[in-house]
2 protein chains.
Amino acid sequence: MSYKRSFLMEERLADNRQRILKAARALVAEGGFNSASIAAVASSAGLSAGAIYRYFPSKSALFVEVLTSAIDHEIAILQDIVQGEGDVTARLRACVESFANRALEGPYLAYAFIAEPADEDVDEARLLGRIRFGEVFKSLLVEGIDKGEFPAQSIDIGAACIVGAFTEALIRPITPRSKRDARAELVEGIVAFCLRAVGAKVS
Amino acid sequence: MSYKRSFLMEERLADNRQRILKAARALVAEGGFNSASIAAVASSAGLSAGAIYRYFPSKSALFVEVLTSAIDHEIAILQDIVQGEGDVTARLRACVESFANRALEGPYLAYAFIAEPADEDVDEARLLGRIRFGEVFKSLLVEGIDKGEFPAQSIDIGAACIVGAFTEALIRPITPRSKRDARAELVEGIVAFCLRAVGAKVS
DNA sequence: TTTTTTTGTGAATCGCCATTCACTTCTTGG
DNA sequence: CCAAGAAGTGAATGGCGATTCACAAAAAAA
């Protein structure tokens, strides 16, 4: 009597959902939120506009998920580095480098993470993401100070400043109309700035 | 034959224009771009919506002007400090303090300067503003390195990072839903971070 | 004062999308 | 194969707010 989704059906549905997310991510990545209308996402995912609403209650819910999962991924990478080996200075360096490099890959996506305005809900997710990035750096700062690698300093402010510093330095090249060469130099410059800022010994 | 505006008329028109700008600024300052619809600006300036278009060709033109003139003002203040007395370190400190303090006064306006997304045109103006802020810090960095107060370092990146650092540190408290106490501490923390970052001697 | 030009009004238009919905197409269970 | 339920479609709807426009009020010219 009652309808029961076959395994294959379940798969297909799940797959659709993924495809929607992926399409949305890709659109944001290459053109910012503006170019990511429901219609565009739908067609790019090979579905109709209406179908999107079988998977997500609203546009912002969709993009919150896009953002959040991208951030999750990013944070996981950073966490790995933080929990890794080496002195705190080296790990801080690695975090900044890693983040910066990835940001330089997908300009718009990073831009969207960081700066592009959108929905209230999406913005909230973004803010949360920043805070989470901040936490990662906070933990490094605490450890560094503990081990005497860094001088005493305000943890919260320092963490926010680090996030802000590389964020801003990235946004200029990230921002639409500009080439990005000298990537390595840029990243190195940012790293150096951050290390000096926290008072790391090896500059 | 041809119509010629009386002096009083000219005055009144100029005054209207100013009132529109002021209303727009005020609205942005207290509620961000969202709450600054043409209708709102108009009524707050004591005019009809249609009238706005006699003074500005479009909404974005209006807001570009709001933003630009606010930034001009800000830059002028910083320039003054830069051209002032004292060693470079002290002036850098003064710049960061000054900017941060003013940002903390009018949360939303600063937020709008820095982060709130809007029109393409407005964003462009914002980007330009950031670059201009960057210039100010660049000149300080150059001077500081020249005089041996700071170690050699990448000027452009350093300047961008400074702008980014205090910007981010300010945005969190600036962002709508959060109290802001401990203002002095925050500002001091940011200053300290920036000074360490440029390698200033007195920390 | 009458005429002409400019300024001001605010309701109607217009464009833009997200969201909905009546309908079609596919799945499932019999 | 058929009936019932689920998924998918895409044109219509609806809301929002910038922009326009036919008209009214005010100011200058005659």
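The structure presented is a predicted model; accordingly, all values stated were derived computationally and were not measured. For the numbers below, each heavy atom of this structure counts, side chains included, while hydrogens, waters and symmetry mates do not. The chains referred to below are lettered A, B, ... by the order of the sequence lines, with proteins before strands, and numbering in each begins at 1.
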Discussion item. Nearest whole Å is fine: how far is D:dA26 C1' from B:E11 CD?
Written reply: 18 Å
Item to complete: For A:N34 and C:dC17, give me the distance from atom CG to atom P, rounded to whole Å.
Response: 8 Å
Worksheet item: Between A:R196 and B:R196, is there a donor-acceptor pair closer than 3.5 Å when you use the side chain of the first and the backbone of the second?
Response: no
Worksheet, complete the sentence: A:D15 atom CG is separated from D:dG8 atom P, nearest whole Å, by 11 Å
Practice prompt. Examine distances only and state if a side-chain atom of B:R130 and a backbone atom of B:V163 form a donor-acceptor pair shorter than 3.5 Å.
Written response: no
Worksheet item: What do you reckon, is CD of B:E85 surrounded by more than 12 foreign heavy atoms closer than 6.0 Å?
Response: no
Response to the item:
On DNA chain D, more 5' by nearest nucleotide between A:L13 and B:S6 is A:L13
Worksheet item: Within the structure shown, what part of the strands sits under 4.0 Å from B:F56 by heavy-atom distance: base, sugar-phosphate, or nothing?
Response: nothing
Worksheet item: Does the pair B:F63 and B:F56 meet the rule for a ring pair (Phe, Tyr, Trp, His ring centres under 6.0 Å), with working shown?
Response: CA-CA 10 Å; B:F63 283 101; B:F56 299 90; 9.1 Å; no
Worksheet item: Is there a donor-acceptor pair closer than 3.5 Å between any side-chain N or O of A:R19 and the backbone N or O of A:A45?
Response: yes
Discussion item. Any side-chain N or O of B:S48 below 4.0 angstrom from OP1/OP2 of C:dG8?
Written reply: no
Under 3.5 Å, N/O pairs linking protein and nucleotides 18-22 of chain D:
| unit_1 | atom_1 | unit_2 | atom_2 | d |
| --- | --- | --- | --- | --- |
| D:dA18 | OP1 | B:K59 | NZ | 2.6 |
| D:dA18 | OP2 | B:I38 | N | 3.0 |
| D:dT19 | OP2 | B:Y53 | OH | 2.6 |
| D:dT19 | OP2 | B:K59 | N | 2.8 |
| D:dT19 | O5' | B:Y53 | OH | 3.3 |

Fill in: Expected output: side-chain B:N101 to main-chain B:E97 donor-acceptor under 3.5 Å
yes
Discussion item. How many whole angstroms separate atom CD1 of B:I52 from atom P of C:dT7?
Written reply: 15 Å
Worksheet item: Looking at B:D72 and B:R132, does any basic side-chain N land under 4.0 Å from a carboxylate oxygen?
Response: yes
Worksheet item: Are B:R12 and C:dG8 close enough that a side-chain N or O sits under 4.0 Å from OP1 or OP2?
Response: yes
Discussion item. Nearest whole Å is fine: how far is C:dC23 C1' from A:R54 CZ?
Written reply: 12 Å
Discussion item. Taking 4.0 Å as the cut-off, does a side-chain nitrogen or oxygen of A:N16 come that near to OP1 or OP2 on D:dG8?
Written reply: yes
Worksheet item: What integer distance in Å separates B:R17:CZ from C:dG8:P?
Response: 13 Å
Discussion item. Nearest whole Å is fine: how far is D:dA28 P from B:E10 CD?
Written reply: 10 Å
Worksheet item: CG of A:D119 versus P of C:dA18: gap in Å, rounded?
Response: 10 Å
Discussion item. Looking at A:R5, I'd like to know whether one of its side-chain N or O atoms comes within less than 4.0 Å of OP1 or OP2 on D:dA7.
Written reply: yes
